[in-house]
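In what follows, a structure is listed as structure tokens, so that the remarks can point back to it.
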Protein chains: 2
Amino acid sequence: MRPLGAQAELLRVLGHPVRLQILEELTKGVKCVSDLEEFLEIPQSNVSQHLSLLRRYGLIDYYMDGRLRCYYLVDPIIPDLLHVLKRDYPEQLPPPACCPVTKKGRYPGKRRH
Amino acid sequence: MRPLGAQAELLRVLGHPVRLQILEELTKGVKCVSDLEEFLEIPQSNVSQHLSLLRRYGLIDYYMDGRLRCYYLVDPIIPDLLHVLKRDYPEQLPPPACCPVTKKGRYPGKRRH
DNA sequence: CTCATATATTAGAATATTATCATATTTTAA
DNA sequence: TTAAAATATGATAATATTCTAATATATGAG
């Protein structure tokens with residue numbers, strides 16, 4: 001299991017709409033920068049910046065194919081995380097059972113919002 | 001499925017070691033602020049700030065029990081995401097099969113790193 | 001070799017996040 | 001009603017993130 005700091009870092013890196021879309025695309029297959037540029041409709045330099053960030057954190061890598069840089073997924077947790085994100089969930093978890101006791105609290109009754 | 005922006009936002013909110021630990025604790029059961037303060041060993045005001053952020057994004061809620069605020073999980077995706085984060089994975093995904101073709105690229109051979 | 005294509009890098013401004021510290025609020029107990 | 005406990009809020013400084021624009025680099029074609 002990766003250490004806590006690395007878990008948080010991973011989520012922070014994923015927590016950007018452009019990077020999420022890039023990773024989603026890469027789960028479908030290898031893509032070069034200009035594929036992604038066209039798909040994302042943002043400036044090429046910005047695409048490159050996001051790709052370079054994703055690579056710095058070890059989530060993706062690339063190989064050269066002619067003059068194209070072909071990016072692909074490297075971190076196996078990505079597809080699983082994306083899958084969970086796309087699942088449908090009931091609105092809310094059921095509220096905790098009546099009067100659970102926290103470590104500190106022993107207060108009876110008078111429970112309200 | 002929640003919209004892309006909301007997905008990214010969710011991950012960004014999760015992407016902090018303190019908030020990850022708070023959520024992890026809350027998957028085990030209801031906790032009041034001072035429980036968390038003791039567990040996290042950071043200033044109470046900082047705990048409250050993280051809790052308030054988590055609540056603003058609808059991930060947790062609380063009820064009052066005497067003078068304690070008892071926080072609990074509300075968003076059902078949280079346990080699933082935490083579970084994936086804790087799974088063990090092989091080092092890397094297998095590299096893409098030989099010579100995949102990107103949308104743009106049709107280049108043969110000369111593939112290298 | 002030179003050029004065009006594909007992509008990366010850098011600098012900078014705008015904005016967002018975070019922790020700290022001080023203070024305020026709320027609630028129960030005395 | 002006052003005090004103490006539990007928790008929240010606000011201001012601020014430090015830091016990090018993000019996008020834009022301009023420029024640099026690398027590669028294959030001719």
Side-chain angles (χ1 to χ4, degrees), chain A residues 5 8-22 30-57 60-72 101-113, chain B residues 5 8-22 30-57 60-72 101-113:
Chain A
E9 192 172 70
L10 169 64
L11 294 173
R12 214 165 10 91
V13 169
L14 292 199
H16 187 289
V18 166
R19 292 196 289 270
L20 269 186
Q21 284 182 288
I22 289 175
V30 175
K31 294 280 180 304
C32 72
V33 179
S34 39
D35 289 341
L36 293 168
E37 181 187 357
E38 177 184 329
F39 174 74
L40 296 166
E41 300 182 295
I42 62 175
Q44 172 268 317
S45 71
N46 200 3
V47 177
S48 276
Q49 285 167 334
H50 286 295
L51 287 170
S52 134
L53 180 68
L54 290 170
R55 182 160 183 271
R56 180 162 58 243
Y57 285 101
I60 66 179
D61 202 359
Y62 67 87
Y63 60 83
M64 298 295 298
D65 181 9
R67 59 179 101 172
L68 304 181
R69 251 183 219 213
C70 300
Y71 281 92
Y72 57 91
V101 175
T102 65
K103 194 166 169 198
K104 179 129 187 191
R106 304 280 158 202
Y107 297 80
K110 277 198 190 152
R111 182 178 150 182
R112 68 194 169 290
H113 269 274
Chain B
E9 192 173 69
L10 170 64
L11 294 173
R12 218 168 3 94
V13 170
L14 292 199
H16 187 289
V18 166
R19 293 195 289 271
L20 268 185
Q21 284 180 289
I22 289 175
V30 175
K31 294 280 180 305
C32 72
V33 179
S34 39
D35 289 341
L36 294 168
E37 181 186 359
E38 177 184 330
F39 174 74
L40 296 165
E41 300 182 295
I42 62 174
Q44 172 268 319
S45 71
N46 200 4
V47 177
S48 276
Q49 284 167 334
H50 286 296
L51 287 170
S52 132
L53 179 68
L54 290 170
R55 182 159 184 271
R56 179 162 58 236
Y57 285 102
I60 66 179
D61 201 0
Y62 67 87
Y63 60 84
M64 298 295 299
D65 181 8
R67 59 179 100 172
L68 305 181
R69 253 184 218 213
C70 300
Y71 281 92
Y72 56 91
V101 175
T102 65
K103 194 166 167 197
K104 180 132 186 187
R106 304 282 157 198
Y107 298 80
K110 278 197 188 154
R111 181 178 149 180
R112 71 193 167 288
H113 272 272

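Every chain is numbered from 1, with letters handed out A, B, ... down the list of sequences.
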### Message
Checking A:Ser48 against A:Gln44: is there a side-chain donor and acceptor pair closer than 3.5 Å?
### Response
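Yes, because at least one side-chain N or O of A:Gln44 sits under 3.5 Å from a partner of the opposite role on A:Ser48.
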
Please give, in whole Å, the distance from [N] [atom2] to [X] [atom1]?
X	N	atom1	atom2	value
A:Glu9	D:dA16	CD	C1'	13 Å
B:Leu68	D:dA8	CG	P	11 Å
B:Arg67	C:dT27	CZ	P	11 Å
B:Leu54	D:dT7	CG	P	16 Å
A:Tyr63	D:dT27	OH	P	16 Å
B:Glu37	D:dA5	CD	C1'	11 Å
A:Asp65	D:dA26	CG	P	19 Å
B:Leu51	C:dT18	CG	C1'	15 Å

#### Entry: Where B:Arg56 and B:Leu53 come nearest, the two heavy atoms and their spacing
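What the structure gives for the nearest pair is NH2-CD1, 3.0 Å.
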
### Query
OP1 or OP2 of D:dA8 sitting under 4.0 Å from any side-chain N/O of B:Tyr71?
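Answer yes for this pair, as a side-chain N or O of B:Tyr71 is under 4.0 Å from OP1 or OP2.
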
### Message
Does C:dA8 have OP1 or OP2 under 4.0 Å away from a side-chain N or O of A:Arg69?
### Response
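For C:dA8, OP1 or OP2 has a side-chain N or O of A:Arg69 closer than 4.0 Å.
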
Nearest 0.5 angstrom please: [X] [atom1] to [Y] [atom2], how far?
X	Y	atom1	atom2	result
B:Leu51	B:Asn46	CG	CG	10.0 Å
A:Leu36	A:Ile22	CG	CD1	5.5 Å
A:Tyr72	A:Cys32	OH	SG	15.0 Å
A:Asp61	A:Arg55	CG	CZ	4.5 Å

### Message
Given D:dT17, D:dT18, C:dT9, identify the nucleotide with an atom nearest to the side chain of A:Ser48.
### Response
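Closest of the options to the side chain of A:Ser48: C:dT9.
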
### Which nucleotide in C:dA6, D:dT7, C:dT7 has an atom nearest any side-chain atom of B:Ser34
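Of the candidates, D:dT7 comes closest.
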
### Task
Give A:Arg12 one of three labels, base, sugar-phosphate or nothing, depending on what nucleic acid heavy atoms sit under 4.0 Å from its own.
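Sugar-phosphate contact only - A:Arg12 comes under 4.0 Å of backbone atoms but never of a base.
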
### Message
Can a donor-acceptor pair be found, under 3.5 Å and without considering hydrogens, that links the side chain of B:Arg19 to the backbone of B:Val13?
### Response
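Flag set: sc B:Arg19 to bb B:Val13 pair under 3.5 Å.
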
Could you list the protein-to-nucleotides 19-24 of chain C atom pairs, N/O on both sides, closer than 3.5 Å?
from	atom 1	to	atom 2	distance (Å)
C:dA19	OP1	B:His16	NE2	3.2
C:dA19	OP2	B:His50	NE2	2.9
C:dT20	O4	B:Gln49	NE2	2.9
C:dC21	N4	B:Ser45	OG	3.0

